[in-house]
Amino acid sequence: MKLFSKKTTSLVVAAGLGLVAASSSWSSESLQDVMKRRGLSQQDLLAASKTYVPTGKRDEFVAFSSGGQSGQIIVYGIPSMRILKYIGVFTPEPWQGYGFDESSKKVLAGGSIDGKQITWGDTHHPAISETDGKYDGQFLFINDKANPRIAVVDLRDFETKQIVVNPIYKSEHGGTFVTPNTDYVIEAAQYAAPLENKKFYPLEQFNEKYRGGVTYWKFDRKEGRIDTKKSFSLELPPYSQDLSDAGKGPSDGWSFTNSFCTERYVGGIEKGRPPYEAGCSAKDTDYMHVVNWKKAAELVAAGKAKKINGHDVLPLDVSIKEGILFLVPEPKSPHGVDVTPDGKLITVAGKLDTHVSVFSFEKIMAAIKAGKFEGKDPYGIPVIAMQDALHKQVQLGLGPLHTQYDSKKCVAYTSLYVDSQVAKWDYCEGKVLDKISVHYNIGHLMTMEGDSMDPKGRYLVALNKLAIDRFVPVGPLHPQNHQLIDISNDKMQLLYDMPLPLGEPHYVVAIEASKLKPAVRYKMGTDSRTDKPHPGAVRAGEEKTVKKGNKVEVFGTLIRSHITPETIEVEVGDEVTVNLTNLERAQDETHGFTVSTYNVHASIEPGKTVSVKFKADKEGVYPYYCTEFCSALHLEMQGYLLVKPKGYKEVKVAEQKAIYTKADYEKQVKKIADTQAVIDSVVGFITSVNYKDFPDVVAMVEDATDQLGKMPAAKAKHEEAAKKGDWQNATLWAEQVWQYQVKTADLGLRAKTYLEQNGAKKVGK
Ligand code: RUQ
Ligand code: CUA
C-alpha cells in the first residue's frame, strides 16, 4: 500500500535564463517500509504527524526563548520547533551587524554600567506586550540577571531598540513581566545590596543597609521605548525577591513578587559558617510581596519618592504608611508566581514543598480592607496570614516551580523539577488530572499565550535543565532540551525533543503566528535602531565621498550586484565613515558589508541605511564586499579601500589592454535581444493580471523598473563605443546592459511565481 505518493513537476528558471525542466518524484517506498527501516512505532508516527510542518507550510505559533548566557533571544516555530532567528540583545551578533555598525553599537552602549561596556547578558524572562491582558505582538522585553538590565525589541523588525540599566540593583531576576496594557514592565531585584551606587557596607549590616526592590519601567508605546524618567521603584527588605507577575482583570493595578531567603541569612563557608543554602531555607515560609503599583505610580507623581542614583524610589516607610505594600507567607523557597487568566487567583510553587499554593486575590483584598493581619515583618510591613489568603493547596509532587494555564477553564500545568514531570491539575477544584515524565529536570514550562488572559492551549513546551543522554554527544557541555507536548487531549503526549545549543534558556513565550506583522522592508533610508531617517542615506545617483581634514565620509548605495562606490581612497590615519543604503525593495534582498581586517560588518536589509566607522590606521589595500549571497553576481559585489601613505603622489599607469573583438560585441548584442524576449513575455504576464493588488509584487516591479531604467544609458555607451570601433568598451557596456536585464528578469520571474501561487486574476484589457 502506498500512503504517500506524490509527483511534482516544476519549472525552474535558472539565473542564466535557460529554461530547465526538473522533475522529482517520491521513491516508491511505502510508509511501512520506512517505519521498519527507521525502527518507528505507531506512536512515533502519530507524534511526527503532530509536529511535522510540511515544506512550504508555516508554524501555528512563534516562540521567543531567552538565550540564557548567550545574552540573545532565540525565535522558533511551534509545532515544528524549527529555529527562525537569533535576536542579538545584550551580546553582539555579527550576522545582523549588531555591535559592528554605528547605530547598533549605540544600543549596546546604552547597557554600559559605570562607563564599562558589557557585551554579554544572562537573559531569563521574555515578555510580549499586551493589550487588555492579551498578547498584541508588537514588542518584546527581556531581562539580564547578571547585570541588571532590560531590553526592548520591536517585533516589526525583530531588532533590539533599547537597553536600560537598572539604576539601583546589582542583580535582578524577576523581570520582565508586563502590566495588562504594557504601561509598565516589572523588574524585581534578586540578591540584596546597598541601593546607592558604589557604596560599601559590610555584610554585618545586611539587615540595615542592604535592600531589595521592585522596579516599574514606564513603557511609551508610541515611541516604542522605555521612559526612564517616568519609571520608579519600591524599596523592599533584603529578602531575595524572585519572580513577579502583574495582576489582571479584577487584580489589575496590583503586582505580586516572590522572595526566598527571608531569613536574611549571610553565608560565609570560608569562615566556618553554614553555607547560604542551609541558612536560606531554614524557615518554613517566605513572603509574597503584594504591591498596589497603580497607587504607587500616583504617589511618585505626587512627589513622595526619594531620589536614589537619580531614580525615583518609594521608601519602605512611605509604602507602608500609604498602604500599598503587604506580605503573604508562602511555602519555603518559592519560585514561580503566576496569576490565573481570569486574574482571580495566584499560583505559587515552593521548590521545597510538594504543594502548589493557590491564593485568592479577593481574600487578600478582604484582609487588607478589614485590617486583618497576623503581624508585621521586621521592617513594619503588614503580614496577612496564609490561611486568610489561601484558596487551595494542592499536592503535585517534588520540586514544583512554574505554572502555566490552558484555554480550558481551571486547567493549569506545573513543572516538577525534582520529579522531572509536568503535572496537569485543576486549580478550581484542587485536584491532579494527569502527569507526564520529561527528560530531565524541567525548569520553566510554557503553554501557548499561557500567561495571558487568553491562553490558546494546544501545545506545551518543557524547558529541561539537563539533556544527559537525549542527543548525539557533543562534548561535556550539552545542548538544552525543549520538549514539545501535545495538551489538546485529556492525556498529555510527548511529541518531540529539540536541542537548543545557545545558552541556557530560562523562559519562553509563544504567540499565535498570525498576530505578528513584521515589516518586509524599511522606508527608504531608515536607521532601524532609531526608527528615524538616517542622516547618511542617499538615493541612487547621489552617491558621493566627502573629505574634510582627516575625516572621510562615504555616502554609498547597494543594489544587485554592485556597491557604489567601488573604490574608497583615503590616507593612512583618516577616520572613515561608510554610510550605505540598500536600494532594493524586493523581499529578502539583504546585502552585507565588510572591509577586510577593520572589524566592521553591516546587515543592510531593503530600505535600510547603516553606517560603519573605523580608523584607516594601516597603509595598504583592503577589499570590501557584500557578505550576503544576494544574486548571481554576488561575488562580484566588491570594491577596494585604498589606504595610501601620507603625501602619496599619483603615478600614471597604462590603460588595461583590450581583449574583446567585434565578434564578442555582436554576440553580446544577440544575447541582449534574446533576453529581452523573455522579459517581454514575463512583463506581458504580470500586466495581464491584477498584480497591483499584491504589495510585494508592486515592490518587485518597482525594483525591476529601476534596473531597466539604467539600461538606456549603458546602451548609449555601448553603441557609441561600437561606432568608434572601440570593441573593448562596447562589449563591456553591452555586458552591463545584459546584467541589468538579468536582474530585471530575475525579479520578474519571482513576481510571476508569486502571482501564480497567490491566485492572481486575469484583468480585462
Ligand atoms: S528561572 S527554573 Cu525563571 Cu530565571 Cu525558574
Ligand atoms: Cu549583495 Cu551579495
Side-chain angles (χ1 to χ4, degrees), residues 124-125 127 133 143 145 172-180 184-190 212-216 234 236 239-262 285-293 325-353 355-365 383-384 386 389-394 396 399-405 412-417 425 427 443-447 450-453 455 506-507 509:
H124 276 241
H125 308 104
N143 69 321
K145 167 168 170 159
E172 60 91 280
H173 188 225
T176 54
F177 301 91
V178 298
T179 56
Y184 290 94
V185 183
I186 302 174
E187 180 191 29
Q190 180 114 85
V214 57
T215 300
Y216 299 86
L234 256 69
L236 294 179
Y239 308 147
S240 297
Q241 278 82 30
D242 202 28
L243 295 197
S244 305
D245 203 2
K248 41 190 133 174
S251 54
D252 185 16
W254 293 76
S255 67
F256 312 94
T257 299
N258 274 338
S259 61
F260 59 90
C261 204
T262 52
T285 54
D286 287 293
Y287 290 127
M288 173 166 75
H289 302 67
V290 177
V291 178
N292 184 340
W293 62 259
L325 174 62
F326 305 91
L327 298 173
V328 180
E330 48 183 7
K332 209 167 172 133
S333 300
H335 193 32
V337 52
D338 299 282
V339 178
T340 53
D342 61 12
K344 290 182 180 165
L345 302 169
I346 305 138
T347 307
V348 170
K351 296 177 292 242
L352 300 181
D353 188 61
H355 298 86
V356 286
S357 304
V358 186
F359 294 99
S360 153
F361 180 71
E362 207 181 307
K363 286 187 178 177
I364 292 172
M365 287 303 113
V383 180
I384 300 165
M386 196 196 287
L390 216 48
H391 159 72
K392 273 204 160 64
Q393 273 189 324
V394 190
L396 291 185
L401 293 183
H402 297 285
T403 298
Q404 289 266 299
Y405 300 98
Y413 301 86
T414 297
S415 51
L416 304 175
Y417 177 81
W425 56 288
Y427 57 83
H444 276 270
L445 44 53
M446 184 267 304
T447 56
D451 59 9
S452 75
M453 291 188 80
H506 292 265
Y507 186 40
V509 283

Checklist entry - Will you find, in the side chains of Y507 and D451, an N or O donor that is under 3.5 Å from an N or O acceptor? => result yes

Checklist entry - Is the distance between the ring centroids of F359 and H391 under 6.0 Å? => result no

Checklist entry - What heavy-atom pair brings P341 and P455 nearest, and what distance separates the two atoms? => result CG-CG, 3.6 Å

Checklist entry - Going by heavy atoms in the side chains, are M453 and D342 under 4.5 Å from each other? => result no

Checklist outcome for this item: Closest non-hydrogen atoms of L243 and F177, given as atom of the first, atom of the second and distance, are CD2-CZ, 4.3 Å

Next on the checklist: For Y413 versus L445, what's the shortest heavy-atom pair and its separation?
Outcome noted: O-CD1, 3.7 Å

Item to check | Check: K363 main-chain N/O paired with S360 side-chain donor or acceptor under 3.5 Å | outcome: yes

Item to check | Derivation of the side-chain contact (heavy atoms from CB on, under 4.5 Å) call for M386 and Q393 | outcome: CA-CA 11 Å; M386 196 196 287; Q393 273 189 324; 4.2 Å; yes

Checklist entry - Does the side chain of S452 come under 3.5 Å of the side chain of Y405 through a donor N or O and an acceptor N or O? => result no

Checklist entry - Within the distance-only criterion (no hydrogens, no angle test), does the side chain of D286 pair as donor or acceptor with the backbone N or O of S333 below 3.5 angstrom? => result yes

Next on the checklist: Keeping T447 on the side-chain end and Q404 on the backbone end, is there a donor-acceptor pair under 3.5 Å?
Outcome noted: no

Next on the checklist: Could you check whether T414 and W425, counting side-chain N and O atoms only, form a donor-acceptor pair closer than 3.5 Å?
Outcome noted: yes

Next on the checklist: Please determine whether side-chain contact (heavy atoms from CB on, under 4.5 Å) holds for the pair L234 and V291, giving the CA-CA distance in whole Å, both sets of side-chain angles, and the decisive distance to 0.1 Å.
Outcome noted: CA-CA 9 Å; L234 256 69; V291 178; 3.5 Å; yes

Checklist entry - Should L327 and I384 count as side-chain neighbours, where that means a heavy-atom distance under 4.5 Å? => result no

Item to check | Polar side chain donor-acceptor pair, S259 to Q241, under 3.5 angstrom | outcome: no

Checklist entry - Ignoring hydrogens and geometry, is there a side-chain-to-backbone donor-acceptor pair from T285 to K332 under 3.5 Å? => result no

Item to check | Student check: side-chain heavy atoms of K351 and L401 closer than 4.5 Å | outcome: yes

Checklist entry - Between the side chains of E172 and N143, does any donor sit under 3.5 Å from an acceptor? => result yes

Next on the checklist: Less than 4.5 Å apart, side chain to side chain, heavy atoms only: is that true for V337 and H289?
Outcome noted: no

Checklist entry - So do E330 and N258 actually touch side chain to side chain, heavy atoms under 4.5 Å? => result yes

Next on the checklist: side-chain contact (heavy atoms from CB on, under 4.5 Å) for Y287 and V383? Distances and angles first, verdict last.
Outcome noted: CA-CA 9 Å; Y287 290 127; V383 180; 4.0 Å; yes

Checklist entry - Is any side-chain heavy atom of V339 closer than 4.5 Å to a side-chain heavy atom of F256? => result yes

Item to check | Y239/F260 aromatic ring centres below 6.0 Å | outcome: no

Item to check | Minimum heavy-atom distance P250-F361, with the two atoms named | outcome: O-CE2, 3.4 Å

Checklist entry - Looking only at heavy atoms, which two atoms of G336 and H402 are closest? And how far apart? => result CA-ND1, 3.7 Å

Checklist entry - Does T347 reach the main-chain N or O of V358 with its side chain, forming a donor-acceptor pair under 3.5 Å? => result no

Item to check | K344 atom NZ, over 12 foreign heavy atoms within 6.0 Å | outcome: no

Checklist entry - Is a donor on one side and an acceptor on the other found under 3.5 Å between the side chain of D252 and the backbone of P180? => result no

Item to check | Check: M365 and S251 side chains under 4.5 Å, non-hydrogen atoms | outcome: no

Checklist entry - Taking all atoms of both residues into account, what is the closest heavy-atom pair of I186 and A246, and its distance? => result CD1-CB, 3.9 Å

Item to check | Candidate pair E187 and T215, rule side-chain hydrogen bond (donor to acceptor under 3.5 Å, both in side chains), full reasoning | outcome: CA-CA 5 Å; E187 180 191 29; T215 300; 4.5 Å; no

Checklist entry - Quick one: does I364's side chain get under 4.5 Å of V290's, heavy atoms only? => result yes

Checklist entry - Roughly how far, to the nearest 0.5 Å, is CG of D245 from CD1 of I346? => result 9.0 Å

Item to check | Gap separating the CG atom of L236 from the OG1 atom of T257, nearest 0.5 angstrom | outcome: 7.0 Å

Item to check | Donor + acceptor pair across side chains of T403, Y427 (<3.5 Å) | outcome: no

Next on the checklist: Tell me if the centroids of the rings in H444 and H506 come within less than 6.0 Å of each other.
Outcome noted: no

Checklist entry - Do you see a donor-acceptor pair shorter than 3.5 Å between the side chains of H173 and D242? => result yes

